[in-house]
Amino acid sequence: MKTKLMLAAGLAALVLAPMVGAEPSYEEVQMIIHRDFKAKGQAKMDRLDQDVVQQVCTRAHDKPPADVAKAIEADQLAAIPVPSGSLMGDWKKGAKTAWSGKGMQWNEDPKKGAGGGCYNCHEISAQRTSFGTIGPSLKAFGKKRGHGADAQRYVYTKIYNAKAYNLCSNMPRFGTTGTLTEQQIKDLVAYLLDPNSPNNK
Amino acid sequence: MRASGKRTLLLAAFAFAAAPAAAQTSQFEQYQKMVGEDSPAELFVLVGADLWRKKQGPKNASLERCDLGKGPGVVKGAYAALPRYFADANQVMDAESRILYCMETLQGRSRKEALKRPFGNADKPSEMEYLDAFVASQSDGFKMTPGMSHPQEKRAYELGKALFFARTGLYDFSCASCHGEPGKRIRMSDLPVLSEPGPARAAMSTWPAYRVSNSQMKTMQWRVNNCYRQMRTPQPVWGSEVVNSMIMYLTVNAKGAVYAGPGTKR
């Protein structure tokens, strides 16, 4: 509430007097962002509010001090609700989620759900060739890392919140943001790890 | 393009530009057939040239007296010298913002009306896409020299730079998440490192561009808008300080490049 008020006051000042100093402060940049975007479709204005991860990574140009990063990563990891029991879902469904980049954009229908768009950044499965390279190859991930409880737990939590392991990772937080459901993430775990998944053939 | 063909095209372009919106789709297709193998970008330039001269709006005026930064009526080389600060508007403007400014001031059109469809589609391109293509074409071969001396120009650059590295939106991306490291791809698309002069020059000297994947002329305002859409943010306001400063930052990174647009892209 208090920050909202401060923001409003700051915005009013901005409108009245455009600043002329060359380098805008962090606060100015955030206020200008809130002023110059408009909610559209499912993309509401709260998507512009930086949480601690975005804030620290922005201020530190993606290179935060190691101790700061460690502490926030630990908080992010602790906040992940890991379901009890097996985390291995259905790799066939996981394949669909991995290879769909749909969802969460202002021009899309939220009722239609979302994919993970994993292929945009990762090589997965030898059979598919249209993949990006922002992230490492995940081909044969289960062969390399095994498919036991620990591997399952790592992949589940990494997809849920990549920032729990690497604070300024370029990978989105698919669970934290509500992009993917618990079941979808379990299916992805299976697609990456299950010995029967084409990813491990 | 053969010279006689060009004349026929110009005539057709005039008819096209003057036609009511509803009739435009089929005419556009007809027109595209006439252009044949020539670059579709050329088509947008020709139609844009006619729209530039067409009298419109409450003041029934054309855009021919528009001051794009080199004085009223000078289009040659103007695009390559943008964005820059304009004292009459007291702000930094890119080509599209300045074209809009001229629609408002010379033609007497309301911002709302003139901005009703800033982004067209393959069936029905927007007026801005034609006009931007035409204005850009008149800078072919000119060195890119965006404004870098006025305090507001410096500020726009700095703001654009800060925005380029700011994490935002549902997916925590900054522009640098995808345009920050050499040799990376999204899907099969190569991602230029837009903070570096080399790749920035190659990218920025060829916008606006006919995008084959969209079958459409796309502008710089669209490009920034569309990357924010992928970033799962709300929508940046067209011509806002955020978008114009981003365009300033990218263009300053590309300064010195020889402008060669409008281009044709994937």
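Residue numbers begin at 1 in each chain, while the letters A, B, ... track the order of the sequences.
Cation-pi contact between A:R47 and B:Y171: absent, since separation from the ring centre below 6.0 Å together with deviation from the ring axis within 45° is not met.
When each of B:E181, B:R185, B:R187 is checked for a side chain to side chain contact (heavy atoms under 4.5 Å, CB included) with A:T133, only B:R185 meets the rule.
Taking CZ of A:F131 as the start and CE of B:M188 as the end, the distance is 7.0 Å to the nearest 0.5 Å. In this structure, CD on B:Q230 lies 8.0 Å from CG on A:N120, to the nearest 0.5 angstrom.
Note on A:A39, A:G103, A:G41, A:C57: by heavy-atom pairs under 4.5 Å with chain B, the leading option is A:G103. Counting heavy-atom pairs closer than 4.5 Å to chain A, the top-ranked of the candidates B:D172, B:T168, B:I186 is B:D172. Across B:R229, B:E153, B:M231, B:Q91, the residue that shares the most heavy-atom pairs under 4.5 angstrom with chain A is B:R229. Here A:D62 is the residue among A:T129, A:I33, A:D62, A:T176 with the most heavy-atom pairs under 4.5 Å with chain B. Top candidate by heavy-atom pairs under 4.5 Å with chain B, chosen from A:D46, A:V29, A:T179, A:V53, is A:T179.
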> When you look at B:R167 and A:N170, which way does the side-chain contact (heavy atoms from CB on, under 4.5 Å) test go after all the steps?
Replying inline: CA-CA 10 Å; B:R167 298 285 192 136; A:N170 283 330; 3.4 Å; yes

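Across all their heavy atoms, A:K38 and B:P234 have their closest contact at O-CB, 3.2 Å. Considering all non-hydrogen atoms of both residues, B:L170 and A:M104 come closest at CD2-CE, 3.5 Å. Listed here is the closest heavy atom pair of B:E158 and A:P24: CB-CD, 3.7 Å. Closest of all the heavy-atom pairs between A:F37 and B:V242 is CE1-CG1, 4.0 Å.
For B:K143, the NZ atom is loosely surrounded, since the number of other residues' heavy atoms within 6.0 Å does not exceed 12. More than 12 heavy atoms of other residues, nucleotides or ligands sit less than 6.0 Å from atom NZ of A:K44. Atom CZ of A:R153 has 12 or fewer neighbouring heavy atoms from other residues, nucleotides or ligands inside a 6.0 Å radius. Within 6.0 Å of CG on B:D88 lie more than 12 heavy atoms contributed by other residues, nucleotides or ligands. Heavy atoms from other residues, nucleotides or ligands lying under 6.0 Å from NZ of B:K161 number 12 at most. The environment of NZ in B:K265 is crowded: more than 12 heavy-atom neighbours from other residues, nucleotides or ligands sit within 6.0 Å.
No part of B:N244 comes within reach of chain A, as not one of its non-hydrogen atoms sits under 4.5 angstrom from that chain. Proximity to chain B (any heavy atom under 4.5 Å) is restricted, for A:Q50, to the side chain, taken from C-beta onward. With a 4.5 Å cut-off on non-hydrogen atoms, B:Y157 does not touch chain A at all.
At a threshold of 4.5 Å between non-hydrogen side-chain atoms, the residues A:I134 and B:C178 count as touching. Contact check for A:I32 versus B:L163: no side-chain heavy atoms found under the 4.5 Å cut-off.
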